[in-house]
Chemist: 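Just dropping this structure here.
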Amino acid sequence: MKPIKVGLLGIGTVGRGTFEVLLRNQAEIIRRAGRPIEITTVADVDVARASAIVGQHAKVVASGLDVVQDPEIDVVVELIGGMGIAKELMIKAIEAGKHVVTANKALIAVHGNEIFALAAQRGVMVCFEAAVAGGIPIIKSLREGLSANKIQWVAGIINGTTNFILSEMRDKGLSFEHVLKQAQALGYAEADPTFDIEGNDAAHKATIIASLSFGVALQYKQAFVQGITQLQAQDIRYAEQLGYRIKLLGLTKRVENGIELRVHPCLVPSKSLIANVEGAMNAVMVHADAVGTTLFYGKGAGSEPTASAVIADLVDIARLQSLTAAERVPYLGFHPKEISALQVLPMSQVVTSYYLRLRVADQTGVLAQVTGLLAESQISIDAVLQRAASEGESQTDLIILTHHCQESLMNEALAKIQPLPSILAPIVLIRKEELS
Ligand code: HSE
């Protein structure tokens, strides 16, 4: 199938991630999109740096105009950021009949209404999954997955930098300035970090969420915005004593006479899931009439998480050009002819780790015998816990956590351990996954 040709504007952190993930996962992406997605041209002011990243895979130009005016390019990905040249180039791309993908939340929140009107006139898509909560597919979820619902409210930790700062301040007692520097070094912060700490970045995202939730125009200017710069360490402590944590929330609610749209530090119960979203992670809670409350969690910033959202938009655009429903929305996410022959493995071939509980005679050498048989089957032990036998008892529980091994090896070891005279009851086995 004919490839979709993409022009990339800006190859900074997210641009590089987009380029690299697209190359690395090209085969899998073709199976989903139904055609190759190729970045053919990259525009960046730093031509030498851009050339070093893309090598022979794409042409590098200094001017974005060379991308938006190139008739060979189908889709323009704008990853420059800000309102100036990014807006100008996006409008030129739309006027030239190209679909646009962007991670630029400021541009969408502030100028989205006019950009969408122009795109509608020209019959092109403007996709911005990467603009809100990075790798979390919250736009798609609001627009598609939850489309049966009347959404009542959405509350999100949608700025990783401020969440990282608040978490580190609370956890480690570090100063605001110190943690902000760390966040910048880790690449979470905006080029101008005041956008993060003053709440504007979260407000841009909350504005977009409000429009997708309630079907209203983008109204960034109406948002109430309060950042974390005035927040004092003692209030974080007092809140904690009262059973709360302070998070910078982006909130939007449908109420009787309008819509609330606000970003501010907010106490949330310490035991709630959202209170336990720590570090630079993002989470968005959506409360809607049919589904109830749902929670979306993941990385809201960074090179590849944001690239993940950019590329998902590119796949949507590639699918749009297919003729049949089965190709536009492949039933299993991959195109029918790309369904692979991979089989589900039998449990004996599964690799996992284990919790074992053995009821044993409390006598010398039992532990050595059991661990010896595990070692014989190449099973490595992670931890052992032996309950002290109660007074007058001659038996006890031996708990063993193992490292990963193939289940066939565990079966082999247990077949030898279970019949030992010192094993007094059927061994309890529970599989364990760290999910890290
Ligand atoms: N500065 C943003 C954050 C990056 O900290 O979440 C993603 O928009």
Side-chain angles (χ1 to χ4, degrees), residues 21 24-25 28 134-137 160 163-164 167-168 171-172 186 270-283 294-300 302-305 308 332-334 340-390 393-436:
V21 174
R24 188 172 77 226
N25 294 347
E28 194 86 335
I136 304 175
N163 202 49
F164 180 76
S167 304
E168 294 285 289
D171 238 25
K172 303 185 180 150
L186 289 165
S270 299
K271 285 193 179 147
S272 62
L273 285 172
I274 204 156
N276 290 282
V277 172
E278 295 285 53
M281 300 305 282
N282 279 201
T294 54
L295 176 69
F296 301 81
Y297 170 85
K299 288 187 180 159
S303 177
E304 293 205 355
S308 163
L332 295 175
F334 291 81
S340 111
L342 278 179
Q343 297 294 305
V344 174
L345 295 171
M347 273 311 277
S348 59
Q349 285 183 39
V350 161
V351 174
T352 184
S353 52
Y354 298 87
Y355 160 102
L356 303 173
R357 176 164 60 79
L358 302 92
R359 190 71 182 156
V360 298
D362 190 14
Q363 61 199 28
T364 316
V366 173
L367 179 60
Q369 218 176 3
V370 170
T371 54
L373 287 170
L374 287 171
E376 238 176 53
S377 295
Q378 313 299 319
I379 298 168
S380 157
I381 292 171
D382 182 25
V384 177
L385 173 74
Q386 184 172 336
R387 309 287 311 148
S390 318
E393 266 204 297
S394 57
Q395 43 182 265
T396 186
D397 283 331
L398 178 63
I399 317 292
I400 298 177
L401 296 183
T402 75
H403 288 297
H404 278 79
C405 71
Q406 199 174 66
E407 184 129 334
S408 61
L409 294 177
M410 179 54 78
N411 293 339
E412 175 191 292
L414 292 183
K416 289 186 233 159
I417 298 170
Q418 185 68 74
L420 295 173
S422 50
I423 305 297
L424 306 176
I427 297 169
V428 173
L429 169 150
I430 304 176
R431 293 170 190 88
K432 173 167 84 68
E433 295 288 341
E434 295 297 335
L435 305 178
S436 57

Chemist: Say you draw a straight line from CG of Leu398 to CG of Leu367; how long is it, rounded to the nearest 0.5 Å?
Modeler: 5.5 Å
Chemist: Locate the shortest heavy-atom distance separating Met281 from Gly298; write the atom from each residue and the value.
Modeler: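 That closest heavy-atom pairing would be CE-C, 3.5 Å.
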Chemist: Listed by chain and number, what are the salt bridge (Lys or Arg N to Asp or Glu O under 4.0 Å) partners of Glu28, not counting sequence neighbours?
Modeler: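 Here the qualifying residues are Arg31.
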Chemist: Counting N and O atoms only, with roles assigned by atom type, does the side chain of Asn163 sit under 3.5 Å from a partner on the main chain of Gly279, one being a donor and the other an acceptor?
Modeler: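 Yes: the side chain of Asn163 pairs with the backbone of Gly279.
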Chemist: What pairs of donor and acceptor atoms, side-chain ones from residues 413-429 against any protein atom, are under 3.5 angstrom apart with sequence neighbours left out?
Modeler:
from: Lys416; atom 1: NZ; to: Glu376; atom 2: OE1; distance (Å): 3.0
from: Gln418; atom 1: OE1; to: Ile427; atom 2: N; distance (Å): 2.8
from: Gln418; atom 1: NE2; to: Ala425; atom 2: O; distance (Å): 3.1

Chemist: Tell me which pairs pass salt bridge (Lys or Arg N to Asp or Glu O under 4.0 Å) where either residue lies in residues 420-432, with sequence neighbours left out.
Modeler: Glu407-Arg431, Lys432-Glu434
Chemist: When you measure from the side chain of Thr371 to the backbone of Ala368, do you find a donor-acceptor pair of N or O atoms at a distance under 3.5 Å?
Modeler: yes
Chemist: Are any side-chain N or O atoms of Thr402 and backbone N or O atoms of Tyr354, one a donor and one an acceptor, separated by less than 3.5 Å?
Modeler: yes
Chemist: Answer whether the closest heavy-atom distance between the side chains of Ile400 and Val370 falls below 4.5 Å.
Modeler: yes
Chemist: Let's go through Met410 and Ile379 carefully: what are the C-alpha distance in whole Å and the side-chain angles of both, what is the deciding distance for side-chain contact (heavy atoms from CB on, under 4.5 Å) to 0.1 Å, and is it a yes or a no?
Modeler: CA-CA 7 Å; Met410 179 54 78; Ile379 298 168; 4.0 Å; yes
Chemist: Less than 4.0 Å between a side-chain N and a carboxylate O, is that true for Lys172 and Glu278?
Modeler: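 No, this pair does not count.
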Chemist: Does any non-hydrogen side-chain atom of Glu393 lie less than 4.5 Å from one of Asp362?
Modeler: no
Chemist: Do Val360 and Gln395 come close enough that some side-chain heavy atom pair is under 4.5 Å?
Modeler: no
Chemist: Under the rule for salt bridge (Lys or Arg N to Asp or Glu O under 4.0 Å), what residues qualify as partners of Glu304, not counting sequence neighbours?
Modeler: Arg24
Chemist: Just so I know, are the side chains of Leu186 and Phe164 near enough to count as touching, which here means a heavy-atom distance under 4.5 Å?
Modeler: yes
Chemist: Are Leu356 and Leu358 side-chain neighbours, meaning at least one heavy-atom pair lies under 4.5 Å?
Modeler: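 Leu356 vs Leu358: side chains touch.
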Chemist: Run the side-chain contact (heavy atoms from CB on, under 4.5 Å) test on Glu412 and Ser377 for me, step by step, so that the C-alpha distance in whole Å, both residues' side-chain angles and the decisive distance to 0.1 Å come before the verdict.
Modeler: CA-CA 7 Å; Glu412 175 191 292; Ser377 295; 2.8 Å; yes
Chemist: Check side chain to side chain contact (heavy atoms under 4.5 Å, CB included) between Asn282 and all other residues, then give those that pass, not counting sequence neighbours.
Modeler: Ala133, Ile136, Ile158
Chemist: How would you list, by chain and number, every residue that makes a side chain to side chain contact (heavy atoms under 4.5 Å, CB included) with Ser348, sequence neighbours excluded?
Modeler: Pro346, Ser408
